[in-house]
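All values derive from a computational prediction rather than experimental measurement. A, B, ... follow the sequence lines: proteins, then strands. Residue 1 opens every chain.
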Number of protein chains: 2
Amino acid sequence: MTKILQRNLYREVADRIGDLIEHGELSPGERISEKQLCDRFGVSRTPLREALKVLATEGLIELLPNRGARVVRLTLKNVKDTYDLMAALEGLSGELACQYISDAEIAAIRQLHNTMLEHYRNRDLMPYFQVNRQIHESILAASNNDVLQEMYSNLSQRVKRVRYSKKMTERYWSQAVKDHENMMAALEKRDSQLLGQILRDHLCNKIEVATLAGVIDTEDDKNVANS
Amino acid sequence: MTKILQRNLYREVADRIGDLIEHGELSPGERISEKQLCDRFGVSRTPLREALKVLATEGLIELLPNRGARVVRLTLKNVKDTYDLMAALEGLSGELACQYISDAEIAAIRQLHNTMLEHYRNRDLMPYFQVNRQIHESILAASNNDVLQEMYSNLSQRVKRVRYSKKMTERYWSQAVKDHENMMAALEKRDSQLLGQILRDHLCNKIEVATLAGVIDTEDDKNVANS
DNA sequence: AAAAGTAATTATGAATTCAATATTCCTTTG
DNA sequence: CAAAGGAATATTGAATTCATAATTACTTTT
């Protein structure tokens with residue numbers, strides 16, 4: 001089964017607007033001008049408006065009837081809600097992975113785990129994050145649940161733009177590594193319940209929420225008209 | 001055929017197509033003709049096509065480039081994946097609800113619970129299901145997590161059309177009621193972990209999957225062109 | 001008659017046009 | 001001078017039109 005790869009204009013446009021949002025070129029709460037984006041992408045309003053509708057469904061922007069679209073403002077609560085959800089999904093992915101994962105796949109994850117430990121020992125933050133992500137993605141993939149993966153990916157997309165502000169204190173970092181040690185052990189024992197539990201409680205998300213408390217704009221509206 | 005003349009035409013159209021799918025007026029795998037639906041709803045292709053894009057994003061239909069749209073065929077695996085996910089989300093809703101729910105809300109759910117027991121004793125299946133659903137919805141609402149509720153509602157939408165075939169054996173039914181007794185107890189103690197666990201393991205979903213094993217079309221394609 | 005090729009038809013993808021609603025800017029009035 | 005009112009402008013919502021790809025129907029050939 002090969003995935004159908006869709007090369008529709010509206011999808012292309014939606015992805016590129018998504019990128020703009022992710023990289024902050026479109027600010028939270030900022031009104032999105034159709035014409036401006038049409039000029040920028042060199043497309044007509046039809047596919048652009050389709051893209052906006054899709055992005056609204058995906059939760060990245062919101063549409064105000066007769067008043068255009070704007071980038072969703074991420075409140076602290078919003079991000080917290082999303083992370084809570086992602087943690088639950090990771091928990092499920094762990095439970096399922098234990099049921100379906102092959103020895104080879106476990107070995108591959110063990111490999112990644114060891115690499116990650118190496119980065120931790122060297123305090124190489126970025127490589128650490130990268131391998132860390134790969135581990136979580138591998139477990140997610142091993143869950144063998146397409147709907148789960150789709151949903152996780154959507155949630156991940158929504159909060160991607162705040163991930164830039166990720167900071168890591170030594171204390172949290174060492175705890176996260178300990179979590180990962182336990183994860184590996186549970187996975188290699190294929191202890192479904194345990195891995196699920198660990199992943200649900202895994203600090204990663206909560207750290208970020210804590211860190212973000214000061215980062216995210218809460219109430220202030222500059223270019224936002226209330227509805 | 002009632003002509004639609006409301007604001008946010010695409011949303012209206014999307015909802016109505018959703019209804020058609022839910023009630024089986026558009027069959028799984030059936031190709032969706034734009035013109036036909038345009039005539040039916042009395043709208044032009046622009047809002048209709050926007051609606052299709054939204055429905056595709058919501059997972060109810062799939063778009064084949066240059067070849068139109070068709071209703072997603074629910075495979076057994078697909079439904080199972082979705083239910084696994086919904087169970088995880090219900091678990092989370094239980095955990096969160098314990099943290100945020102008020103005494104009054106608990107009392108209201110206790111009320112519903114008692115009503116449900118009454119329906120169970122009388123073997124009134126439909127009223128039972130209805131109150132049952134209200135209980136789960138109340139807990140979900142008490143979770144105080146908007147993103148969670150949005151996602152749950154989306155998943156629920158996707159599998160709504162197979163719920164018609166719900167059957168209940170006496171054995172499963174009594175077990176489901178026992179689950180609910182435990183749920184109530186955990187909720188009244190505000191035992192977050194326990195309620196979460198119970199809801200994740202709650203039989204309801206698994207029953208349906210088991211029941212559905214014979215109901216859902218698995219492989220047979222009549223009007224479906226492979227890609 | 002079956003298969004292959006080609007023209008005719010239909011359906012989809014995208015741009016444009018028309019209609020409505022909102023916004024801006026200017027004038028008027030208290 | 002501030003607030004209110006009202007054209008003028010800009011923006012969005014939806015229908016229509018144009019372009020292109022897919023499907024069907026019809027030949028032609030073997």
Side-chain angles (χ1 to χ4, degrees), chain A residues 2 4-18 20-21 26-27 29-57 60-72 221-227, chain B residues 1-18 20-21 26-27 29-57 60-72 221-227:
Chain A
T2 321
I4 299 170
L5 122 93
Q6 196 147 302
R7 263 302 137 244
N8 279 7
L9 201 42
Y10 87 96
R11 233 312 135 202
E12 186 78 25
V13 171
D15 289 343
R16 291 193 54 185
I17 296 176
L20 293 184
I21 294 173
L26 291 174
S27 322
E30 180 178 339
R31 180 158 175 194
I32 297 172
S33 158
E34 290 183 7
K35 189 175 175 307
Q36 192 177 318
L37 289 179
C38 284
D39 294 347
R40 181 164 195 165
F41 297 139
V43 300
S44 77
R45 281 178 59 217
T46 305
L48 183 106
R49 286 170 56 79
E50 290 169 348
L52 291 181
K53 260 120 198 140
V54 167
L55 290 167
T57 307
L60 284 155
I61 67 172
E62 50 195 355
L63 301 176
L64 311 166
N66 288 314
R67 294 178 58 189
R70 66 179 180 203
V71 179
V72 164
D221 284 23
K222 250 172 290 186
N223 32 17
V224 180
N226 284 7
S227 50
Chain B
M1 179 195 100
T2 319
K3 174 150 188 180
I4 296 169
L5 31 84
Q6 193 177 326
R7 225 183 48 236
N8 266 63
L9 204 42
Y10 85 99
R11 233 311 133 200
E12 187 74 21
V13 171
D15 289 344
R16 292 195 52 182
I17 296 176
L20 292 183
I21 294 173
L26 291 173
S27 322
E30 179 178 341
R31 181 156 171 195
I32 295 171
S33 160
E34 289 183 6
K35 189 175 173 307
Q36 194 177 316
L37 288 179
C38 284
D39 294 346
R40 180 164 196 163
F41 296 140
V43 300
S44 77
R45 281 178 59 219
T46 305
L48 185 106
R49 287 169 57 79
E50 289 170 348
L52 291 181
K53 261 119 197 142
V54 167
L55 289 167
T57 307
L60 271 85
I61 67 173
E62 50 194 356
L63 301 175
L64 312 165
N66 289 315
R67 293 179 56 191
R70 67 180 178 201
V71 180
V72 164
D221 284 23
K222 252 172 291 187
N223 33 16
V224 180
N226 285 6
S227 50

* Base D:dA14 to side chain B:Ser44, donor-acceptor N/O within 3.5 Å cut-off -> no
* Kindly compute the distance separating CG (A:Leu48) from CZ (A:Arg40), expressed to the nearest 0.5 Å. => 12.0 Å
* Return the value, rounded to whole Å, for the distance between atom CZ of B:Arg49 and atom C1' of D:dG13. => 16 Å
* Quick one: which of C:dA15, C:dG13, D:dG13 gets closest to the side chain of B:Thr46? -> C:dA15
* Asked: Between A:Arg11 and A:Val54, is any pair of side-chain heavy atoms under 4.5 Å apart?
  -> yes
* **Proximity to the side chain of A:Arg67 - top-ranked nucleotide from C:dA14, C:dA22, D:dT23** => C:dA22
* Value in whole Å for how far the C1' atom of C:dG13 lies from CG of B:Leu52 -> 13 Å
* Round to the nearest Å and state the distance from A:Glu50 atom CD to C:dT12 atom C1'. => 11 Å
* Could you tell me the separation between the OH atom of A:Tyr10 and the C1' atom of C:dA15, rounded to a whole number of Å? => 18 Å
* How long is the span from the OG atom in A:Ser27 to the CZ atom in A:Arg70, to the nearest 0.5 Å? -> 13.5 Å
* Residue A:Leu9, side-chain heavy atoms: nucleotide from D:dA21, D:dA14, C:dA15 that is nearest -> C:dA15
* Please examine the side chains of A:Glu50 and B:Lys53, heavy atoms only from C-beta on, and report whether any two atoms are closer than 4.5 Å. => yes
* **Whole angstrom value for the distance that separates P of D:dA15 from NZ of B:Lys35** => 15 Å
* Scan B:Leu48 against the nucleic acid and name what it touches under 4.0 Å (heavy atoms): base, sugar-phosphate only, or nothing. => nothing
* Min side-chain heavy-atom separation A:Ile17-A:Leu60 under 4.5 Å -> no
* To do: Starting at atom CD of B:Glu62, determine the distance to atom C1' of C:dT12, rounded to an integer number of angstrom.
  => 17 Å
* Asked: Atom CG of B:Leu37 to atom P of D:dA15: distance rounded to whole Å?
  -> 14 Å
* **Under 4.0 angstrom between A:Arg45 side-chain N/O and C:dA15 OP1 or OP2** => no
* Structure fact -> Against the side chain of A:Asn66, the closest entry in C:dG13, C:dA15, C:dA22 is C:dA22
* Asked: Atom CZ of B:Phe41 to atom P of D:dG13: distance rounded to whole Å?
  -> 20 Å
